[in-house]
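If you're wondering where the values come from, they're calculated on a predicted model, not measured in any experiment. Just so it is clear: chains get the letters A, B, ... in the order the sequence lines come, proteins before strands, and each one is counted from 1.
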Amino acid sequence: MALNAEQEVVRGRSSAGAPPQTSYTRKKRFNSKTALTMLAFMAPAAIFVGIFTYYPMISGSQMAFRNWNLNDLSDTSWVGWGNFRTLFENPEFGTIVRNTIVWVVGSLVPQVVIGFALALFLKRKFKFRGAYQAFIFFPWAVSGFLIGMLFRWMFNAEFGVVNDLLMKVGIIHSPVPWLAEPGFAMTAIIIANIWYGVTFFAIMILAALQSVSDEMYEAAAIDGAGKIRTFFSITLPAISVTLGLTILLRIIWIFNFPDIIWAMTGGGPADQTHIITTYMIKITQKGDYGQASALGLIVVFTLMLFAAFYLMAVRPRKENR
Amino acid sequence: MKKKLTAITALGVAAVLALSGCGGGSKDAADGKVTLKMVESLTNPTRTETLKTLLAGFEKENPNIKVDLISPPTDSADQKIQQMLQSGKGVDVVEARDITIGSFGANNWLYDMSADLKDWNGWADLTDNAVKYSKQGDKTYFIPYGFYGLSLFYRTDLVKDAGFSGPPASWTDLLEQSEKLNQPDANKFGYAFRGGTNANSNAVAIIEAYTADQVDVENAFLLKDGKTIFSAPEAQTAMDDYLELFKKGSPPSSVAWGYPEMVQGFSNGSTSFLLQDPEVIATIKESTSIKEDQWSVAPLLVGPTGKAIQPVGTAGWGIAQASTAKPEAIKLVKYLSQGEPATTFTKENSLVPILKSAAKDPFYSEGPWAAYVKMNEQPETYISAVQPRTVSWWTEWIAKSDGELQRVITGKMTTKDLLASWDKFWTEKMAG
């Protein structure tokens with residue numbers, strides 16, 4: 001039976017012959033001086049985070065309720081919910097929200113599946129495994145904008161490598177206008193994002209898989225469990241917490257990831273591949289930081305709500321004692 | 001203990017403040033040298049190298065001044081510059097463009113150099129255009145380093161093989177020749193259509209050519225009667241012809257083509273025509289797909305009026321209002337705007353020069369540059385006009401017009417609705 005941390009400490013100290021009042025003495029030592037020392041050490045980080053995270057956030061939040069247009073900052077009066085109303089009344093807003101959902105789900109599901117498969121493959125021991133891992137993890141080190149630029153050329157209808165390959169193997173007979181038609185353009189940007197994000201899942205799942213004890217697999221094998229049963233009864237439950245958090249992180253990141261779309265289509269053609277964050281860039285280009293901040297707040301609250309529900313849903317249930 | 005705590009806290013706070021203060025400041029008192037921070041906008045590696053060479057020359061002439069060049073990626077450069085100017089830190093000399101000067105000036109982020117340049121002897125060497133564009137209203141926020149202007153790049157061999165006697169002179173000619181040279185099955189196309197970023201520029205060029213007789217040269221988006229060019233019946237014909245050009249003579253995927261795809265399309269031999277600025281000359285000269293005798297440059301296309309409006313684009317060097325080293329910054333702006341440095345910069349970057357002396361230079365009077373000389377010699381046909389790029393809503397206009405033009409090309413909007421929308425936008429904005 002495993003001991004909890006407190007018991008472990010007490011047992012350790014007792015076995016070392018330390019006086020039983022040690023923990024009481026340590027507790028007493030935590031006085032105002034200790035607290036001040038801790039505060040002093042934490043101060044730089046707290047000030048840094050305050051200046052670079054919370055100040056811009058609060059400053060940006062108040063912009064959302066003001067007429068804040070960089071083209072003319074002579075009138076930055078309060079407009080209440082005006083910026084939010086303008087956004088919701090925009091006929092493109094529905095398309096943008098739908099695109100965002102398609103973008104997140106369309107990118108996430110293949111990333112999880114392919115990332116999982118890669119992680120299972122990389123867990124095996126084989127020659128040059130380290131080199132394979134390095135190659136597979138490489139995309140994660142590349143800038144999203146650069147990836148977008150590369151895929152923009154690859155998906156170019158006339159002189160891109162994708163159409164060239166598809167035509168050479170006979171899958172298509174005339175060039176597909178990948179970035180010129182909304183449906184194809186959405187597919188192209190999602191493919192690019194899948195390529196980019198698979199790596200992250202592979203890294204995280206591989207790390208989680210390596211922490212699963214071999215003894216559990218041995219026990220399952222002795223009990224006669226097959227590969228599929230072992231996967232669903234041992235592997236998946238053992239890494240479920242890591243997997244759940246990784247998925248949550250990726251959803252938030254994909255949601256907030258305009259780089260590839262901006263570089264590949266700029267939200268086009270005809271604004272049909274905009275997601276919320278690329279649309280935010282478009283608004284800032286118009287100089288309307290008030291409206292862009294309003295959109296930013298919508299994103300923050302949507303993601304916070306989502307994260308709360310998601311964490312409640314994937315929270316491991318407490319066992320009955 | 002208290003002393004220790006105070007020391008630790010003070011150190012921590014100092015470290016944070018030091019970190020947060022990074023990137024600002026101009027004067028370096030330590031060795032008596034002044035360090036100027038200079039930010040460029042239209043960055044590319046070749047240009048940055050040229051600029052560095054010129055700055056080295058400046059530092060040699062002014063041993064007490066050091067220039068740190070900051071070269072952000074072009075796509076985000078103007079936004080970075082805007083943030084730097086707004087924060088008032090980390091920038092002394094800045095590359096201001098006609099499309100950014102409106103908001104930079106309106107927000108008082110740039111320094112008015114009028115008083116400092118009042119007795120500058122460099123004015124006499126500048127072309128009329130350079131002097132004209134150095135005045136933004138009654139201020140001088142920047143001195144242009146060169147000019148951009150549209151001209152038609154064309155394939156001499158393909159045009160000849162198709163049986164045409166010469167390059168297109170008008171938009172109608174371009175439609176006819178593009179249609180004939182367009183062979184999608186062979187992956188060969190007529191016109192390198194601009195449907196992506198900055199698509200509005202070429203659409204406006206055709207509208208201006210069709211309304212050239214009525215255009216107000218002081219504001220090329222307005223007619224002489226004060227209405228917008230988009231309200232003229234000729235604008236409707238222009239946009240309908242432009243849409244035909246896309247449908248019959250251009251690559252279908254050019255809906256998404258921006259600058260790189262257009263230039264690549266021409267330089268790799270996929271398209272026969274390209275409407276672009278002179279900076280492209282240098283890029284096409286480096287092409288391995290088309291040889292020098294396979295292409296040339298023709299003047300800008302005229303409309304049914306027999307005329308074209310040449311929308312002059314420019315950018316230049318200005319000074320941040322918050323700079324603490326303005327005298328040194330003025331020295332640098334003057335240095336870059338005259339003599340050898342100015343000529344080197346325009347030649348290396350394929351720009352229309354700012355100095356009068358360049359007209360005698362064979363570099364500009366022969367080869368691809370001859371088209372520009374021809375346009376200069378016929379000012380009644382190729383009318384130089386000022387587009388209202390300095391207005392503070394210019395970036396808003398680009399975002400709006402590019403999106404709507406793509407809607408037209410993809411069949412989601414009619415040309416009539418597009419023109420009505422553009423007319424409404426400019427009428428309301430100009431009315432204030």
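- Each of B:Ser392, B:Gly195, B:Gly265, B:Ser103 has some count of heavy-atom pairs under 4.5 Å with chain A, and the biggest count is that of B:Ser392.
- No side-chain heavy atom of B:Lys429 sits less than 4.5 Å from a side-chain heavy atom of B:Trp397.
- Between the side chain of A:Thr273 and the backbone N or O of A:Gly268 there is at least one donor-acceptor pair closer than 3.5 Å.
- Contact of B:Ser270 with chain A is made through the side chain alone, with heavy-atom distances under 4.5 Å.
- Both the backbone and the side chain of A:Asp271 come within contact range of chain B, with heavy atoms under 4.5 Å apart.
- The aromatic rings of B:Tyr191 and B:Phe193 sit perpendicular, their planes meeting at an angle over 60°, well past the 30° parallel limit.
- For a residue to count as touching a neighbouring chain, one of its non-hydrogen atoms must lie under 4.5 Å from one of that chain's; by this rule B:Trp257 touches chain A with the side chain only.
- The residue among B:Lys400, B:Met413, B:Gln264 with the most heavy atom pairs within less than 4.5 Å of chain A is B:Gln264.
- Ranked by heavy-atom pairs under 4.5 Å with chain B, the list A:Pro269, A:Pro177, A:Ala157 is led by A:Pro269.
- Here the side chain of A:Ser293 pairs a donor or acceptor atom with the backbone of A:Tyr289 at under 3.5 angstrom.
- Only the side chain of A:Trp153 comes within contact range of chain B, with at least one heavy atom under 4.5 Å from a heavy atom of that chain.
- Looking at B:Glu404, there are no atoms closer than 4.5 Å to chain A (heavy atoms on both sides), in backbone or side chain.
- Looking at B:Pro184, neither its backbone nor its side chain comes within 4.5 Å of chain A, counting heavy atoms on both sides.
- A cation-pi contact, defined as under 6.0 Å to the ring centre and within 45° of the axis, links A:Arg66 to A:Trp78.
- Neither the backbone nor the side chain of B:Phe104 comes within contact range of chain A; no heavy atom of the residue lies under 4.5 Å from a heavy atom of that chain.
- Between B:Phe266 and B:Trp295, the two ring planes are perpendicular [angle over 60°; tilted spans 30° to 60°].
- Distance alone, capped at 3.5 Å, is enough to place a donor-acceptor pair between the B:Thr410 side chain and the B:Arg407 backbone.
- Of the candidates A:Asn156, A:Asn163, A:Thr265, A:Asn163 is the only one forming a side chain to side chain donor-acceptor pair (under 3.5 Å) with A:Trp178.
- B:Ala399 touches chain A through backbone and side chain together, each having a heavy atom under 4.5 Å away.
- In this structure, chain B has a heavy atom under 4.5 Å from the side chain of A:Gln272, while its backbone stays farther away.
- For A:Phe155, no part sits under 4.5 Å from any heavy atom of chain B, backbone or side chain.
- Contact annotation for B:Asn268: only side-chain heavy atoms (C-beta onward) come within less than 4.5 Å of a heavy atom of chain A.
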Practice task
Check the pair A:Phe255 / A:Val299 against side-chain contact (heavy atoms from CB on, under 4.5 Å), numbers first and verdict last.
Solution key: CA-CA 9 Å; A:Phe255 200 101; A:Val299 171; 3.8 Å; yes
